[in-house]
There are 2 protein chains.
Amino acid sequence: MHQPEHLKNAGLKSTVPRLKVLSLFESGTERHMSAEDVYKLLLASGDDVGLATVYRVLTQFEQAGLLVRHYFEGGKSVFELNQGKHHDHIVCLQCGRVEEFYDAGIEARQEKIASDRGFSIRDHALHIYADCTKKQCPHKV
Amino acid sequence: MHQPEHLKNAGLKSTVPRLKVLSLFESGTERHMSAEDVYKLLLASGDDVGLATVYRVLTQFEQAGLLVRHYFEGGKSVFELNQGKHHDHIVCLQCGRVEEFYDAGIEARQEKIASDRGFSIRDHALHIYADCTKKQCPHKV
DNA sequence: ATGCAAATGATAATCGTTCTCATTTGCGAT
DNA sequence: ATCGCAAATGAGAACGATTATCATTTGCAT
Ligand SMILES: [Zn+2]
Ligand SMILES: [Zn+2]
Ligand SMILES: [Zn+2]
Ligand SMILES: [Zn+2]
């Protein structure tokens, strides 16, 4: 088990709710989760944490660099484990499932566009909303 | 005056609040506006419309294709006149001002990425959040 | 001018998220 | 192991953006 060290390294003390949230993300069951998703999954597995704590912990983990937050359409934040490699997302409009991609060309062009205009990029989000073209959506659960 | 025809063409009957909202967008004062922005600008110019009506009208205009809605970070929707030409956005983190850009290369790569994965794009959003690198932010009001 | 469906506006309700504050907990010092 | 206390938690209130409700008003076809 190395979760406690992950927390220590991030300057966060190791508490029960934090360990539960972190191991839920590290379990890999679901890569992209909203606060509500995390809350419900924890409740379902018998662990009871407060919703407010889930929100607080997610925000702390984001600030500590353990998680990355995305703002997808629909107004709710979605978090994922920060594996150090930036990527963008395709969201399936039929099942909501998320696929990741990375395109160096797109990244490079963004840099050029920004610097040509006198900006230095701090963050960016490329979200593609799409329909699966196959007969039955293979992304459906 | 051609606003009434714009509404007619969109299948919307021409009412006072709709005309006011539409002409605010067509005036070009501010290209990207949230519901609150629209509401406040209308109040400031003496026209009094209800906030609920502003929200309804913006949604109807979006559905009618008169306006395009964007979900920027921060949780509020921003609308702009649909001029038929897709473009993406750079948001200045210092003043919140929005600059538009279009890059055919980025668009083409997105298409390829999606089709390679069996998706057909319905919509996408590329938001670049950046700091202005010049001494004093030229985008400040 | 008349009638009525559609639109409006005030307000309540909803949803995601943050804040408050009394209680509990992690953990370094004893 | 035990104390002490700052930090963290949880329940619920508060919040900001948006949507729903519903009585009143308005556009417009007759
Ligand atoms: Zn990217
Ligand atoms: Zn991801
Ligand atoms: Zn684009
Ligand atoms: Zn724009």
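Residue numbering restarts at 1 for every chain, and letters A, B, ... go by the order of the sequence lines.
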(message) Testing A:Arg97, A:Glu100, A:His70 one by one against A:His32 for a side-chain hydrogen bond (donor to acceptor under 3.5 Å, both in side chains), which residue passes?
(response) A:Glu100
(request) Would you kindly confirm whether B:Phe119 and B:Ile121 end up in one hydrophobic cluster when ILVMFWY residues are joined by side chain heavy atoms under 4.5 Å apart? (result) yes
(request) List the atom of B:Phe25, the atom of B:Phe79, and the distance in Å for their closest heavy-atom pair. (result) CE2-O, 3.4 Å
Provide a list of protein-nucleic acid N or O atom pairs under 3.5 angstrom, restricted to nucleotides 28-30 of chain D.
unit_1 : atom_1 : unit_2  : atom_2 : d
D:dC28 : OP1    : B:Ser14 : N      : 3.2

(request) Measure from the side-chain N and O atoms of A:His86 to the backbone N and O of A:Gly84, and report whether any donor-acceptor pair falls under 3.5 Å. (result) no
(message) Applying salt bridge (charged side-chain N to carboxylate O under 4.0 Å, His left out), can you list everything that pairs with B:Lys13, at least two apart in sequence or on another chain?
(response) none
(message) Has A:Asp88 got a side-chain atom pairing as donor or acceptor with A:Tyr102's backbone, closer than 3.5 angstrom?
(response) no
(request) Return yes if some donor-acceptor pair links the side-chain N/O of B:Tyr71 with the main-chain N/O of B:Val78 below 3.5 Å, else return no. (result) no
(request) Tell me, with the steps shown, if B:Glu80 and B:Arg69 meet salt bridge (charged side-chain N to carboxylate O under 4.0 Å, His left out). (result) CA-CA 7 Å; B:Glu80 68 176 304; B:Arg69 180 198 299 254; over 6 Å; no
Would you tabulate the side-chain donor-acceptor contacts of residues 47-58 of chain A under 3.5 Å, counting partners in other chains and residues two or more places apart, or write 'none'?
unit_1  : atom_1 : unit_2  : atom_2 : d
A:Asp47 : OD2    : A:Ser45 : OG     : 3.0
A:Thr53 : OG1    : A:Arg56 : NH2    : 3.1

(request) Without swapping roles, check the side chain of A:Ser34 against the backbone of A:Asp37 for a donor-acceptor pair under 3.5 Å. (result) yes
(message) How many whole angstroms separate atom OH of A:Tyr39 from atom P of D:dA11?
(response) 7 Å
(message) Check this for me: A:Arg122, atom CZ, are more than 12 non-hydrogen atoms of other residues, nucleotides or ligands nearer than 6.0 Å?
(response) no
(message) With a strict under 4.0 Å distance from non-hydrogen atoms of chain A, what nucleotide opens and what nucleotide closes the contacted stretch of DNA chain C, reading 5' to 3'?
(response) C:dG16 to C:dC27
(message) At under 4.0 Å between heavy atoms, how does the protein contact nucleotides 12-20 of chain D? Give one character per nucleotide, 5' to 3', with B, S or -.
(response) B----SBBB
(request) State yes or no: are the ring centers of A:His89 and A:Phe72 separated by less than 6.0 Å? (result) yes
(request) Determine to 10° how strongly the helix from C:dA1-D:dT30 to C:dT30-D:dA1 is bent, judged from the axes of its five-pair ends. (result) 30°
